[in-house]
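Contents: one structure, followed by commentary.
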Amino acid sequence: MCVWQERRGQLEELLFGPRAELELVPELLEHYALGTTFAIRDLGGTYNLNALLDTESGQYVLRIHRPWVTMRRLSFEHQTKRLLADAGFPVALPVAALSGADILSHEQRLIELEPFISNDIPTKRWDYLPTMFTLLGDVHAFLEKHLSPSSIVPPAVDNYATPIQMMEWIERTASLIESSQSGYKIGEVQQASEICHVVLQMLSQQLPWWYDEGQYLPRQPTHGDYRTGNVLFRAGNVVGLLDFDFLDLRERIFDLAYAIYWIFWQQEDVRYPELAPWPRVRTLLEAYNQATDLPLLREEIQALPLELIRVPLYWIAEAGFLSDPVRAVLQQTDAIAYALRLFQQQDALAKAFALA
């Protein structure tokens, strides 16, 4: 179960801790032996600040976490990354501070420093995607073998929930939206409310599948944020695997669905998902299967369309925990329209994904 649900009251407070600003970085650099810093740049990141440092001793990324990230959770991530690095996976390990610690604390935020991994953007991304999915198969096989479920420290904030959990949260989101009174243009509150009800309808129609099959799909430790931005290439080779903030126990097909969702959202015309090259997904599934002793089950591949759809639906569930649920929902208008189109084509997608 997602910790967000179990500790809802506490996390509502923590969520209001804003993303850190670049102005905080210079004073934190005094804790590291990096020499002169020539430039500092924000690399982005939805929750955490990732600051690229160009220094006398090289390039690094300083990560300043939001208040909900605990020492226990971040230590678990570091331990997992060391296991992966020792096994030969391209994972950047933390750089120790002058004190010898690899995690610092500043104003209720945890800080870590990693070497920056130089990378390039492949010009023909589809040529490199099978390699990305072979790596995911290797990562899954390794995590399944070396991480016991009891050893996992769940993230306080996630990007995953079951259909049942999401329905509970979206009902909360809808209730908050309906009680919103002022500060919005005419029709905005109604539009946000309608989006919530569309999402609830999609999820309610998934429930029979979830109760009969979905909840029994193979579960294991998964990366949680596996997408092109977190798998770095240079000269056609994978040189970096980043961002284990959402590593947790969940159905493994969701990790693949999450990656596939972002590939198509970023590379194809989302206005016409029915015209996207969905049969190419088979190549990615086959590449994944090459790296694991436990190939994807037929039931997992059949579930892939519904898992894909759940990726953007989560953002509507999450909106009820944010400071402005109406705006948070309206920002996802295009994503929910895309999800609805995919939902209407789920049978065709299942056929496109099926392996021989």
Side-chain angles (χ1 to χ4, degrees), residues 125-126 129-130 132-134 136-137 140 159-167 170 198-220 222-224 226-228 250-292 294-317 332 334-356:
R125 292 193 178 187
W126 275 105
L129 292 176
M132 177 178 162
F133 278 75
T134 298
L136 181 58
H140 278 181
N159 58 6
Y160 168 90
T162 69
I164 301 166
Q165 290 168 335
M166 280 201 286
M167 288 187 71
I170 293 169
V198 167
V199 172
L200 283 171
Q201 289 176 358
M202 281 191 277
L203 287 168
S204 66
Q205 293 180 51
Q206 291 187 30
L207 287 183
W209 162 80
W210 179 258
Y211 283 123
D212 292 342
E213 300 179 33
Q215 63 179 328
Y216 302 113
L217 292 172
R219 293 170 56 83
Q220 68 154 86
T222 59
H223 180 276
Y226 199 83
R227 50 176 165 165
T228 51
R250 54 179 74 86
E251 62 264 29
R252 67 169 177 172
I253 192 63
F254 185 81
D255 236 13
L256 283 82
Y258 188 85
I260 292 167
Y261 175 87
W262 282 109
I263 289 167
F264 278 82
W265 177 261
Q266 293 173 340
Q267 297 191 34
E268 306 298 332
D269 189 338
V270 298
R271 296 172 300 171
Y272 307 104
E274 63 274 8
L275 302 180
W278 294 107
R280 285 185 169 184
V281 170
R282 294 177 192 161
T283 303
L284 307 181
L285 302 182
E286 290 168 349
Y288 176 91
N289 281 343
Q290 290 175 3
T292 177
L294 299 171
L296 295 167
L297 301 176
R298 179 177 59 86
E299 291 80 4
E300 291 178 281
I301 297 173
Q302 288 177 335
L304 187 52
L306 293 179
E307 298 280 304
L308 277 170
I309 294 162
R310 288 212 337 260
V311 173
L313 302 193
Y314 180 87
W315 304 327
I316 306 303
Q332 304 304 331
D334 291 342
I336 299 308
Y338 182 62
L340 183 58
R341 298 285 289 273
L342 296 181
F343 185 76
Q344 294 165 343
Q345 299 170 44
Q346 59 182 287
D347 291 340
L349 291 175
K351 291 179 181 178
F353 301 157
L355 300 180

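- The structure places CG of Leu284 at 11.5 Å from CG of Asn289, a figure rounded to the nearest 0.5 Å.
- Taking 4.0 Å as the cut-off between side-chain N and carboxylate O, Glu268 and Arg280 do not count as a salt-bridged pair.
- Annotation: side chain of Met202 is in contact with side chain of Ile336 (closest heavy-atom distance under 4.5 Å).
- Side-chain contact between Leu129 and Thr228 is present, with heavy atoms from C-beta onward closer than 4.5 Å.
- Although no hydrogens or angles enter the test, the distance criterion places a donor-acceptor pair under 3.5 Å between the side chain of Gln346 and the main chain of Phe343.
- Residues Leu207 and Pro163 come closest through the heavy atom pair CD2-CB, 4.2 Å.
- With rounding to the nearest 0.5 angstrom, the CD1 atom of Ile301 is 5.5 Å from the CG atom of Leu285.
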**OP:** Begin from the C-alpha positions of Leu296 and Leu304 and carry the test side-chain contact (heavy atoms from CB on, under 4.5 Å) through to its verdict.
**Re:** CA-CA 11 Å; Leu296 295 167; Leu304 187 52; over 6 Å; no

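- Pro312 places none of its side-chain heavy atoms less than 4.5 Å from the side chain of Gln332.
- Arg282 approaches Ala352 most closely through the heavy-atom pair NE-O, 2.6 Å.
- The aromatic rings of Trp315 and Trp262 sit tilted relative to each other, their planes meeting at an angle between 30° and 60°.
- Distance alone, capped at 3.5 Å, is enough to place a donor-acceptor pair between the Asn159 side chain and the Gly224 backbone.
- The aromatic ring centres of Phe133 and Trp126 sit 6.0 Å or more apart.
- Within the 4.5 Å cutoff, the side chain of Tyr288 has no heavy atoms near those of the Pro295 side chain.
- The main-chain N or O of Trp209 is never found under 3.5 Å from a side-chain atom of Glu213 such that the two would form a donor-acceptor pair.
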**OP:** Decide yes or no on side-chain contact (heavy atoms from CB on, under 4.5 Å) for Leu308 and Trp278, but give the supporting numbers first.
**Re:** CA-CA 12 Å; Leu308 277 170; Trp278 294 107; 4.2 Å; yes

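- Note that CD of Gln345 is 12.5 Å distant from NZ of Lys351, once rounded to the nearest 0.5 Å.
- Annotation for Ile253 and Glu300: closest pair CG1-O, 3.4 Å, computed over non-hydrogen atoms.
- Considering all non-hydrogen atoms of both residues, Leu313 and Ile170 come closest at O-CD1, 4.2 Å.
- To the nearest 0.5 Å, atoms CG (Leu200) and CE (Met166) are separated by 10.5 Å.
- The structure places CG of Leu349 at 10.0 Å from CD of Glu274, a figure rounded to the nearest 0.5 Å.
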Original post:
Checking side-chain contact (heavy atoms from CB on, under 4.5 Å) for the pair Leu294/Arg252: CA distance, chi angles, key distance, verdict?
Top reply: CA-CA 11 Å; Leu294 299 171; Arg252 67 169 177 172; 4.1 Å; yes

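- Put simply, the side chain of Arg341 gets close to the backbone of Arg271: a donor and an acceptor are under 3.5 Å apart.
- Here the shortest heavy-atom pairing between Tyr261 and Ala335 reads OH-CB, 4.1 Å.
- Leu203 has its side chain out of reach of Trp210: every pair of non-hydrogen atoms, C-beta onward, lies at least 4.5 Å apart.
- In this structure a side-chain-to-backbone donor-acceptor pair under 3.5 Å is present from Tyr226 to Met132.
- Annotation for Pro273 and Tyr338: closest pair CB-CE1, 3.5 Å, computed over non-hydrogen atoms.
- Tyr314 places none of its side-chain heavy atoms less than 4.5 Å from the side chain of Arg310.
- Screening Thr222, Asp255, Thr162 against Arg250 for a side-chain hydrogen bond (donor to acceptor under 3.5 Å, both in side chains) leaves a single residue, Thr222.
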**OP:** Go through His140 and Thr292 one step at a time and tell me if the side-chain contact (heavy atoms from CB on, under 4.5 Å) criterion holds.
**Re:** CA-CA 8 Å; His140 278 181; Thr292 177; over 6 Å; no

